[in-house]
Amino acid sequence: MKMRAEGFLNMMNMVAVVAWLVSFNIVFCFAHIHGFGDQPLSKIAIDKAVVSLHSAASITATPSLLGTKGEDTQWVTVDIDYPEPSADDWVGVFSPAKLNSSTCPPVSDPREEIPYICSAPVKFQFLNYSNSHYTKTGKGSLKFQLINQRADFSFALFSGGLLNPKLVAVSNFISFVNPKVPLYPRLAQGKSWDEMTVTWTSGYHINEAIPFVEWGSEGKTPVQSPAGTLTFGRNSMCGSPARTVGWRDPGFIHTSFLKNLWPNLVYTYRLGHLLSNGSYIWSKKYSFKSSPYPGQDSLQRVIIFGDMGKAERDGSNEYNAYQPGSLNTTDQLIKDLENIDIVFHIGDITYANGYISQWDQFTAQVEPIASTVPYMIASGNHERDWPNTGSFYDTTDSGGECGVLAQNMFFVPADNRANFWYATDYGMFHFCIADSEHDWREGTEQYKFIEHCLATVDRQKQPWLIFVAHRVLGYSSDSWYAMEGSFEEPMGRESLQKLWQKYKVDIAFYGHVHNYERTCPIYQNQCVNDERSQYSGVVNGTIHVVAGGAGSHLSDFSKVIPKWSLYRDYDFGFVKLTAFNHSSLLFEYKKSSDGKVYDSFTVSRDYKDVLACVHDACEATTSAT
């Protein structure tokens, strides 16, 4: 039943509804976003929503107070009673519960006084998802897993499905005991090998509390390191939905730099905020092992994948078939965390696509990993791309984020974090991380960085040279690339392959394509080695690996299998590299479903093999004596 604002106000006899729709001046301005079809929140056409409050409908959330034992995640039961049920009724989770109407578009017709809501829900579920008798009885119960996101929550019952939503009832408000507490630490390598950075999110402005990290090794007196604080506003977003319906206050993002670490030593740490009254707010305790000295001969284990995204453990329908492998990948990494030293998530991090709340959801999902080992990221199209903002691709894939979320939520040791290219060392590995969303072609600033990164590594100390980019700048037999005829990102390898060959890159990794594929050692479209699983001796070509199947919907391969394609897998998975010493490397591809190895190879060689002359990679010589 549609009604004018004053009409439904006269009918309101539910305190929660009055509070939700009247006291806080809520307005629905959630325009249906096209072009981001994969993001489930964009499928809710709340621009068509009308208020249809039903006096006999009720929705109640329990418990009302969360985190009473210090939890930052808790399950909530939502009970629904609606006398006019239908199969397309759904419940949305809104946070903050008090929504803001300040950015809603003006009403063109002065007679139109229908309230509107200006923010997307954090998540949603259909009533018949876990209540098979709901359409007959009108009674149902849903379970939602909530994380602490610096604000309170309310639950809204809608009929009419996602395309024609009608607001039927609103729940009581619920909240965590302290919504502002420091949460979800993310470790990352600093700019030097003996530095670890800790980034976290809180609700504390620096005027309220001073952020820091307390840390130390066993038996030593802990020290406290200050943290810098960043945040950003709606005006930092480049377009919709990030600037409109997807906007949610990101809180405050703190980063502390833990310096002068001893190599391979376990440190414990906790996040702290000193309040103005002299009291402290603490996180729980965490621990990490510091990085080895560059070139150090020890066991070193690296995880690499792309395009994981996030998913919901409560089965919220928003992520049905969106990132179906995400939780499996996350859980396999958590299960094997004792055997992992560093993680590289090489682009397409959350697939938030402009729905800012999803970044909190993602950092909560990976917290067991990112709080324990460095979680290094690369920039992908779903983080950066937006028209007329300097991205190399003029697409709307970031949903208006234009890189702001990625460069603030995670630290990378880049000279300019808006340009997401950087180098980092881990023991015997040297990584050159490119940014495929900025121009990489010869003559560009990034091309100069890539060559400098590859040229300056000491291969005697760091024999394992790894190149990383989000888009496939090398080789892939994905069906889309096959239709293009290039089996690569257009203009991908034309400039870079001579650098890979000249500096003898061992492996180049990519995401973007949601499957797994490994090539032979290759140069200029030709395999330069007939071996498939045991490589030894001279480095005469680069092995290219697509590892973009960590979570998002899978990509089809071409029916034609190129000669250079040694292994393809249409499934979710990730890669693990294990360096045993300076002469022995193990590569493993594991499926996310069971953690077992489905493809592998080894590399065995000596330093002289790295120095040896190969085609287009020979040092100049002279006949002089």
Next item on the list: Inspect the contact between R186 and E367 and indicate whether a charged nitrogen and a carboxylate oxygen are less than 4.0 angstrom apart.
Entry: no
Next item on the list: Look at the aromatic rings of Y269 and Y286 and report parallel, tilted or perpendicular, splitting at 30° and 60°.
Entry: parallel
Notebook entry, point to check: Do the side-chain N and O atoms of S287 and T268 include a donor-acceptor pair separated by under 3.5 angstrom?
Noted result: no
Margin query: Under a plain distance cut-off of 3.5 Å, with no hydrogens placed, do Q407 and S379 share a side-chain donor-acceptor pair?
Written below: no
Check: Side chains of N416 and W421: does their closest heavy-atom pair fall under 4.5 Å?
Finding: no
Item checked: Side-chain H-bond candidate by donor/acceptor type, Q361 with Q149, under 3.5 Å -> yes
Next item on the list: For the residue pair H273 and Y204, categorise the inter-ring angle as parallel (less than 30°), tilted (30 to 60°) or perpendicular (more than 60°).
Entry: tilted
Next item on the list: Establish, yes or no, whether a centroid distance under 6.0 Å links the rings of F392 and W440.
Entry: yes
Notebook entry, point to check: Going by an N to O cut-off under 4.0 Å, is there a salt bridge joining R471 and D385?
Noted result: yes
Checklist line | Lys/Arg N to Asp/Glu carboxylate O, K576 vs E588, below 4.0 Å | finding: no
Next item on the list: Look up atom CG in D307 and atom CD1 in I346, then write down how far apart they are to the nearest 0.5 Å.
Entry: 7.5 Å
Checklist line | Electrostatic pair D341:R301 at N-O distance under 4.0 angstrom | finding: yes
Notebook entry, point to check: Roughly how far, to the nearest 0.5 Å, is the CG atom of L65 from the CZ atom of F176?
Noted result: 9.5 Å
Next item on the list: Determine, for R384 against D435, whether the closest basic-nitrogen to carboxylate-oxygen distance falls under 4.0 angstrom.
Entry: no
Next item on the list: Output, in order, the C-alpha distance, side-chain angles, deciding distance and verdict of side chain to side chain contact (heavy atoms under 4.5 Å, CB included) for F212 and L274.
Entry: CA-CA 8 Å; F212 63 94; L274 173 60; 4.2 Å; yes
Checklist line | Side-chain donor-acceptor pair present, Q296, S298, cut-off under 3.5 Å | finding: yes
Check: Is it true that D297 and K461 make a salt bridge, defined as a side-chain N closer than 4.0 Å to a carboxylate O?
Finding: no
Next item on the list: Would you give the length of the straight line joining atom OG1 of T199 to atom CG of N408, rounded to the nearest 0.5 angstrom?
Entry: 10.0 Å
Next item on the list: Could you check whether the rings of H382 and Y351 sit parallel, tilted or perpendicular, using 30° and 60° as the cut-offs?
Entry: tilted
Margin query: Can you confirm whether the side chains of T350 and Q358 place a donor and an acceptor under 3.5 Å from each other?
Written below: no
Check: Would you call F257 and S225 a side-chain contact if the rule is heavy atoms closer than 4.5 Å?
Finding: no
Check: So H430 and C453, side chain to side chain contact (heavy atoms under 4.5 Å, CB included) or not? Walk me through it.
Finding: CA-CA 9 Å; H430 183 68; C453 183; 3.4 Å; yes
Next item on the list: Run the salt-bridge test on D360 and R248 with the 4.0 Å N-O cut-off and return the result as yes or no.
Entry: yes
Item checked: Straight-line distance of Q446 CD to E451 CD, nearest 0.5 Å -> 13.0 Å
Next item on the list: Might you work through the side-chain hydrogen bond (donor to acceptor under 3.5 Å, both in side chains) test for N339 and D336, ending with a clear yes or no?
Entry: CA-CA 6 Å; N339 299 308; D336 197 39; 2.7 Å; yes
Checklist line | Geometric class of the F509/F587 ring pair [parallel <30°, tilted 30-60°, perpendicular >60°] | finding: parallel
Next item on the list: Go through I303 and F344 one step at a time and tell me if the side chain to side chain contact (heavy atoms under 4.5 Å, CB included) criterion holds.
Entry: CA-CA 6 Å; I303 297 293; F344 287 85; over 6 Å; no
Check: In terms of the angle between their ring planes, are F144 and F155 parallel, tilted or perpendicular, with boundaries placed at 30° and 60°?
Finding: tilted
Check: Are the ring centres of H345 and F305 closer than 6.0 Å?
Finding: yes
Next item on the list: Nearest 0.5 Å please: distance from the CG atom of D152 over to the CG atom of L66.
Entry: 10.5 Å
Next item on the list: Given side chain to side chain contact (heavy atoms under 4.5 Å, CB included), test V302 with F429 step by step and report yes or no.
Entry: CA-CA 9 Å; V302 180; F429 289 98; 3.8 Å; yes
Check: Is the centre of the Y293 ring less than 6.0 Å from the centre of the W193 ring?
Finding: yes
Margin query: Just by distance, no angles: are the side chains of W359 and E401 close enough, under 3.5 Å, to form a donor-acceptor pair?
Written below: yes
Next item on the list: With rounding to the nearest 0.5 Å, note down the distance linking OG in S202 to NE2 in H254.
Entry: 2.5 Å
